[in-house]
Amino acid sequence: MAHLRESTDKALKLLRTLPRVQIGNLRPNPNSKQNDKRGRAQHGGDKHGAGNKGSGQRQNFMRLGYETGNQPFYLRFPYEPYYKGHHMRREYPPISMLQLQVLIDTNRIDISQPIDIATLCNSGLMSLKPAELQYGFQLTDDGLDNFKAKINIEVQHASEAVIAAVERNGGVIRTAYYDPRSLHILSNPKKWFEKGLPIPQRMLPPQDAVEYYTDAKNRGYLANPEEISKERLVLAQKYGYELPRIEDDANYKMLTAAKDARQLFHGLEPGWLINLVDKTIVKLKAT
């Protein structure tokens, strides 16, 4: 017991003589830290990834594709003509027939009226970005076996199977071209009407799109109506279904409603001014 008391007294006496623990006298344990530097050669490891001289230490990064003097990738390999002008090609975001049927079943779309770009965008589930070269919608054949609606729809691209699925139910499908300004208006009609500007005319398709929209097989809006009637019968015989007579349908007026080649909205002519506040339409004065 006496030995323990003596040891305690020695420890307390030693603590009285030691300096106080402060930030200035704190030291790490010996050999607990290693120096990562490799001396004065090979940069010394003190640049922290900022390079040595010039643009490397000033964060003036090299341009995309530059390979520090080597011949770049896009010059080492041969040119592929397929990608020529790919950044200027028109895009058509897809809408499947299954999606269209769901929009109809959930009352997002009223099939008692013709369906076009404005109808699809106003559903709140479809959007169009003309600034990204999106020139409308294409109707795809996903879910065409379950499509049962009778509609009058206008899209920008549709395959033969999709056209047959719509016409088999007694509906009408049409493919039409819209220029970027018209697409911008149709994607948000309310915003355009609030500007207080008259409805402009739709532009005609460019040279590389004329052939598609004048072909009756594609149900182009510039095709001959008589040729379209013949192609409807040919397609019905090809796919083995009986073509319904639209003339005997109760919704004949709605099914045959079509826009003019320069028209943007159903029932609204170019040059008319829509006032949403007063709910009035200012029409052009007849000359």
Acceptor/donor pairs from residues 180-188 side chains to any protein atom, 3.5 angstrom cut, sequence neighbours excluded:
from, atom 1, to, atom 2, distance (Å)
Ser182, OG, Asp179, OD1, 2.7
Ser182, OG, Asp179, OD2, 3.3
Ser187, OG, Leu183, O, 3.2
Ser187, OG, His184, O, 2.9
Asn188, OD1, Lys191, N, 3.4

**OP:** Show your working on side-chain contact (heavy atoms from CB on, under 4.5 Å) between Lys259 and Leu264 and close with a plain yes or no.
**Re:** CA-CA 7 Å; Lys259 300 179 185 177; Leu264 291 185; 5.7 Å; no
Original post:
Which is it for Met97 and Val166 under the side-chain contact (heavy atoms from CB on, under 4.5 Å) test, yes or no, and what are the steps along the way?
Top reply: CA-CA 9 Å; Met97 302 200 74; Val166 173; 3.8 Å; yes
Taking every non-hydrogen atom, the tightest pair across [X] and [Y]:
| X | Y | result |
| --- | --- | --- |
| Lys84 | Arg89 | O-NH2, 3.8 Å |
| Thr119 | Ile115 | OG1-CA, 3.9 Å |
| Leu204 | Tyr177 | O-CE2, 3.7 Å |
| Ala176 | Arg202 | CB-NH1, 3.6 Å |
| Gln263 | Leu268 | NE2-O, 3.2 Å |
| Leu144 | Arg168 | O-NH2, 3.7 Å |

**OP:** Using a cut-off of 6.0 Å, state whether more than 12 heavy atoms not belonging to Glu226 lie near its atom CD.
**Re:** no
Between [X] (side chain) and [Y] (backbone), is there a donor-acceptor pair under 3.5 Å?
| X | Y | value |
| --- | --- | --- |
| Asn152 | Pro114 | no |
| Asp110 | Ser112 | yes |
| Tyr221 | Ala258 | no |
| Gln101 | Leu98 | no |
| Arg232 | Val172 | no |
| Asn275 | Thr280 | no |

Would you say the side chain of [Y] lies within less than 4.5 Å of the side chain of [X], judging by non-hydrogen atoms?
| X | Y | value |
| --- | --- | --- |
| Ile281 | Lys283 | yes |
| Tyr178 | Pro205 | no |
| Tyr212 | Thr175 | yes |
| Asp249 | Lys150 | yes |

**OP:** Could you tell me how the ring of Phe265 sits relative to the ring of Phe193: parallel (under 30°), tilted (30 to 60°) or perpendicular (over 60°)?
**Re:** tilted
Original post:
Passes side chain to side chain donor-acceptor pair (under 3.5 Å), Tyr213 versus Gln156? Steps please.
Top reply: CA-CA 9 Å; Tyr213 292 111; Gln156 283 58 63; over 6 Å; no
[X] with [Y], same ILVMFWY side-chain cluster at under 4.5 Å:
| X | Y | value |
| --- | --- | --- |
| Leu197 | Trp272 | yes |
| Leu125 | Leu120 | yes |
| Ile111 | Val102 | no |
| Met254 | Ile109 | no |
| Val162 | Leu255 | no |

Nearest-0.5 Å distance that lies between atom [atom1] in [X] and atom [atom2] in [Y]:
| X | Y | atom1 | atom2 | value |
| --- | --- | --- | --- | --- |
| Asp248 | Ile246 | CG | CD1 | 10.5 Å |
| Ile228 | Asn218 | CD1 | CG | 10.0 Å |
| Gln113 | Ile151 | CD | CD1 | 13.5 Å |
| Asp116 | Arg174 | CG | CZ | 11.0 Å |

**OP:** Please test Asn224 against Thr214 for side-chain contact (heavy atoms from CB on, under 4.5 Å), starting from the C-alpha separation and ending with a verdict.
**Re:** CA-CA 8 Å; Asn224 189 346; Thr214 55; over 6 Å; no
**OP:** Would you check, one step at a time, whether the test side-chain contact (heavy atoms from CB on, under 4.5 Å) holds for Asp215 with Glu211?
**Re:** CA-CA 6 Å; Asp215 193 349; Glu211 182 179 356; 5.9 Å; no
Side-chain donor/acceptor pairs under 3.5 Å, residues 236-244, sequence neighbours excluded:
from, atom 1, to, atom 2, distance (Å)
Lys238, NZ, Glu160, OE1, 2.8
Lys238, NZ, Glu160, OE2, 3.2
Tyr239, OH, Glu160, OE1, 2.9

Considering only distance and modelled atom types, tabulate donor-acceptor pairs under 3.5 Å from the side chains of residues 127-143, sequence neighbours left out.
from, atom 1, to, atom 2, distance (Å)
Gln134, OE1, Lys129, N, 2.9
Gln138, NE2, Tyr92, O, 2.9

Is the shortest side-chain N to carboxylate O distance from [X] to [Y] below 4.0 Å?
| X | Y | value |
| --- | --- | --- |
| Arg76 | Glu67 | yes |
| Asp208 | Arg90 | yes |
| Glu231 | Lys217 | no |

